[in-house]
Amino acid sequence: MNQTPGSPSSGNVDSQLDDLISRIHALSGDKGRSASEAAPQRPAPTSAGPGQNAPANPVRTEATRPGTAPATAATARPNTPPPGSLPPGSPRPGQPATPSPSKQSPPNRNPPPQAARPKAAPTGYQPNRDEAWRPAEPESMQASKINETLVESIIFRYILNAGEVEGRKIADQVQLPFRMIEPILERLKMDQSVAYKSATATNDYVYILTESGRAIARNHLTDSTYHGSCPVRLTEYVESIRLQSIEGQYPKRKDLERAFSDLLINPKMLRRLGPAVASGRGMFLFGFPGNGKTSIAERVTGAFGKYIWIPRAVDIDGEVLRVFDPMNHEAAMPEHSGGLLDSGSFDKRWVRIKRPTIIAGGELTMDMLEVLNNPTSNISEAPLQMKSNCGTLVIDDFGRQKMSIDQLLNRWIIPLEKRYDFLNMASGKKIQVPFDQLVIFSTNLEPKDLVDDAFLRRIPYKIEVENPPEADFRKLFEIMCRITKIPYDADAVDYLIKTHYLPVDRPFRNCQPRDLLLQVRNYCLYNDLEVELKNEYFDFACDNYFSVM
């Protein structure tokens with residue numbers, strides 16, 4: 001039909017539509033790009049099998065209108081900017097959008113890498129004695145200097161192991177924000193290494209490997225089977241130990257009293273322990289067996305701050321060295337709100353743990369002090385001294401290990417003095433790591449009979465754990481009676497001391513009240529008697545306990 005004057009022509013309608021599209025893109029951060037340069041929507045998922053790509057949704061472009069040239073491949077799908085970089089013309093975070101000039105220069109397809117900015121402190125965290133440092137969440141691959149090739153290999157192995165997995169679960173597996181993982185998945189999709197199986201309700205996709213993707217994943221498996229958290233750089237780990245070191249904490253008397261609050265300890269012993277613990281250096285605890293050397297060593301760590309952060313794994317030039325060990329570390333992650341949109345306020349590649357106390361006894365071997373590499377998985381495990389950094393390492397029953405004393409002393413004589421250690425990786429690479437822990441050698445033997453003066457000089461404190469006096473011995477019976485739920489009887493304890501200790505000059509030991517009370521309790525339960533303290537019950541317990549002592 002004929003158009004009347006003043007009615008909008010088809011060209012005017014197109015111009016108005018172009019203006020509307022330009023305004024929409026300007027509001028979404030794409031200002032300065034024409035309607036024909038606008039990126040298309042993400043392809044709709046289909047039930048594509050391995051090796052198949054989901055077809056893209058049809059997008060209306062200028063080519064659908066009469067008189068316009070067909071869109072080229074470059075305008076149909078612009079190059080995806082590198083992860084962590086900003087598209088040309090988009091406003092930076094915190095900066096208002098400004099109109100772009102009418103004539104723009106061609107976009108730089110290879111923008112220079114942005115300089116790494118210092119990490120901001122995690123939201124809601126303030127440094128304190130119990131938690132001196134917390135790792136901030138990474139901003140981008142480039143800023144955090146994350147090995148993207150290593151991340152891709154982990155993703156390939158994880159999808160191959162899982163079969164099919166959502167994008168956000170992949171991000172949770174590698175412990176990186178989804179915004180950093182999504183561009184990698186999109187690139188793998190474009191390379192036809194992965195395919196969409198289906199969509200989720202959270203604007204995400206379920207990913208599967210294509211035939212070529214499975215071939216790549218199998219090649220990565222020949223290097224290593226690791227598909228856990230993205231490792232942190234060695235330099236980051238070294239810096240974290242420096243920020244959380246026990247040497248600069250200098251615990252006071254009140255800190256030691258709190259650490260030993262559940263243990264009956266002589267004030268004289270506490271006065272001697274205080275400076276040794278505050279120094280953060282090594283010490284010898286020696287004395288007769290059963291006087292609580294191990295119990296004292298276990299509680300020393302409580303005098304320092306409660307928590308430290310350690311990485312789940314460390315990247316050593318492509319080799320993975322696991323540090324977090326659930327057998328020796330007790331995780332104590334900070335509380336967070338949870339939920340889908342909770343991005344957290346810390347780097348999830350790290351784990352907050354209670355300051356570690358690691359005890360190695362007669363089972364200690366030289367292999368446990370070196371990097372352990374599994375030849376099948378090609379995953380390395382950190383040695384005990386590295387796992388105990390910023391905590392306490394107790395060598396219990398020193399002198400009774402399978403290896404000779406000289407071997408152990410020669411291995412540690414330099415680390416104890418220099419406060420760093422050298423480790424050999426499976427590839428032959430030698431790395432330097434901090435040796436930052438309070439090393440306690442606990443032994444029933446005289447230190448001078450075990451080691452020479454050169455080593456004793458490097459262990460500045462030698463503390464003897466003496467036998468308890470009679471008053472403390474009686475007090476231990478009162479404490480242990482409450483624990484074992486046996487009514488305390490002072491007359492029965494007096495009979496025990498005067499009959500089985502003083503006449504034969506038997507020394508008191510801190511472990512004996514507990515051991516004798518357990519024997520009395522078991523005797524009463526077996527004979528269906530009321531559990532209580534009687535002279536004849538103590539006679540029976542002493543005949544068993546001291547028969548060869």
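Computed from a predicted model, the values in this text were never measured in an experiment. Below, all heavy atoms of this structure are taken into account, side chains as well, without hydrogens, waters or symmetry copies.
Looking at Asp130, its side chain never comes within 3.5 Å of a backbone N or O of Asn128 through a donor-acceptor pair. Under the 3.5 Å distance criterion, the side-chain polar atoms of Thr392 are left unmatched by any main-chain donor or acceptor of Ile358. Put simply, the side chain of Ser245 never gets that close to the backbone of Arg242: no donor and acceptor are under 3.5 Å apart. Side-chain atoms of Ser229 never come within 3.5 Å of backbone atoms of Gln175 as a donor-acceptor pair (strictly under, hydrogens ignored). With hydrogens and angles ignored, the 3.5 Å screen pairs a side-chain donor or acceptor of Gln249 with a backbone N or O of Gly305. When atom types are taken as modelled, the side chain of Ser212 and the backbone of Gln192 share a donor-acceptor pair closer than 3.5 angstrom. For Arg157 (side chain) and Tyr226 (main-chain N/O), a donor-acceptor pair under 3.5 Å exists by modelled atom type. Between the side chain of Asn378 and the main chain of Asp223, a donor-acceptor pair closer than 3.5 Å is present. No donor-acceptor pair under 3.5 Å is formed between the side chain of Asn161 and the backbone N or O of His227. For Asp347 (side chain) and Pro138 (main-chain N/O), no donor-acceptor pair under 3.5 Å exists by modelled atom type.
When the options Tyr307, Trp309, Trp133 are evaluated for a ring pair (Phe, Tyr, Trp, His ring centres under 6.0 Å) with Phe346, the one that passes is Trp309.
If you check the side chains of Ser427 and Glu319, you find a donor sitting under 3.5 Å from an acceptor.
Around CZ of Arg253, the count of heavy atoms belonging to other residues, nucleotides or ligands within 6.0 Å does not exceed 12. For Lys430, the NZ atom counts as densely surrounded, since its 6.0 Å shell holds more than 12 non-hydrogen atoms of other residues, nucleotides or ligands.
Side-chain atoms of Val165 and Gln173, non-hydrogen and from C-beta on, never get closer than 4.5 Å to each other. Using a 4.5 Å cut-off on side-chain heavy atoms (C-beta onward), Pro231 and Leu321 make no contact. By the 4.5 Å heavy-atom criterion applied to side chains, Asn219 and Phe156 are not counted as neighbours. Side-chain contact check for Arg349 versus Ile146: some heavy-atom pair is nearer than 4.5 Å. Contact check for Arg322 versus Leu372: no side-chain heavy atoms found under the 4.5 Å cut-off. The side-chain heavy atoms of Phe178 and Asp204, taken from C-beta on, include a pair separated by under 4.5 Å. A heavy-atom distance below 4.5 Å is found between the side chains of Leu384 and Leu364. Annotation: side chain of Asp262 is in contact with side chain of Arg299 (closest heavy-atom distance under 4.5 Å).
Taking every heavy atom of both residues into account, Pro311 and Val314 meet most closely at CG-CG2, 3.8 Å. Across all their heavy atoms, Leu438 and Gly280 have their closest contact at CD1-C, 3.7 Å. Considering every non-hydrogen atom in both Glu363 and Ile359, the closest pair reads OE2-O, 4.2 Å. Here the closest heavy-atom approach between residue Ser388 and residue Leu393 is recorded as OG-CB, 3.6 Å. In terms of heavy atoms, Lys387 sits closest to His329 at O-NE2, 2.9 Å. In terms of heavy atoms, Ala303 sits closest to Pro251 at O-CB, 3.3 Å.
Put simply, CD1 on Ile181 and CD1 on Ile170 are 8.0 Å apart, with the number rounded to the nearest 0.5 Å. Rounding to the nearest 0.5 angstrom, the gap separating the CG atom in Leu221 from the CG atom in Leu160 is 5.5 Å. Here the CD atom belonging to Glu257 is positioned 13.5 Å from the NZ atom belonging to Lys252, to the nearest 0.5 angstrom. One finds the CD1 atom of Ile155 at 10.5 Å from the CG atom of Leu209 (value rounded to the nearest 0.5 Å). Between atom CD1 of residue Ile379 and atom CG of residue Asn374 there is a gap of 7.0 Å, rounded to the nearest 0.5 Å. Once rounded to the nearest 0.5 Å, the distance linking SG of Cys230 with CE of Met141 reads 6.5 Å.
By the ring-ring contact (aromatic ring centres under 6.0 Å, His included) test, Tyr250 pairs with no residue at all, sequence neighbours left out.
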For Leu185 and Val194, what are the C-alpha separation, side-chain angles and deciding distance, and is it a side chain to side chain contact (heavy atoms under 4.5 Å, CB included)? CA-CA 8 Å; Leu185 295 175; Val194 301; 5.5 Å; no

From CA spacing to verdict: side chain to side chain contact (heavy atoms under 4.5 Å, CB included), Thr294, Glu298: CA-CA 6 Å; Thr294 304; Glu298 289 174 342; 3.8 Å; yes

Please step through side chain to side chain contact (heavy atoms under 4.5 Å, CB included) for the pair Gln385 and Val439, ending with a clear verdict. CA-CA 9 Å; Gln385 67 270 24; Val439 182; over 6 Å; no

Working note: Thr365 + Met368, criterion side chain to side chain contact (heavy atoms under 4.5 Å, CB included); need CA distance, chi angles, decisive distance, verdict. CA-CA 6 Å; Thr365 62; Met368 299 169 66; 3.4 Å; yes

Apply salt bridge (Lys or Arg N to Asp or Glu O under 4.0 Å) to Glu211 and Arg214, showing your working. CA-CA 5 Å; Glu211 289 294 339; Arg214 280 196 289 270; 2.5 Å; yes

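Tyr207 and Tyr196 have perpendicular rings, their planes meeting at more than 60° on a 0 to 90° scale where under 30° would count as parallel. Ring geometry for Phe435 versus Trp412: interplanar angle over 60°, hence perpendicular rather than tilted (30 to 60°).
With salt bridges taken as basic N to acidic carboxylate O contacts below 4.0 Å, none links Lys169 and Asp172.
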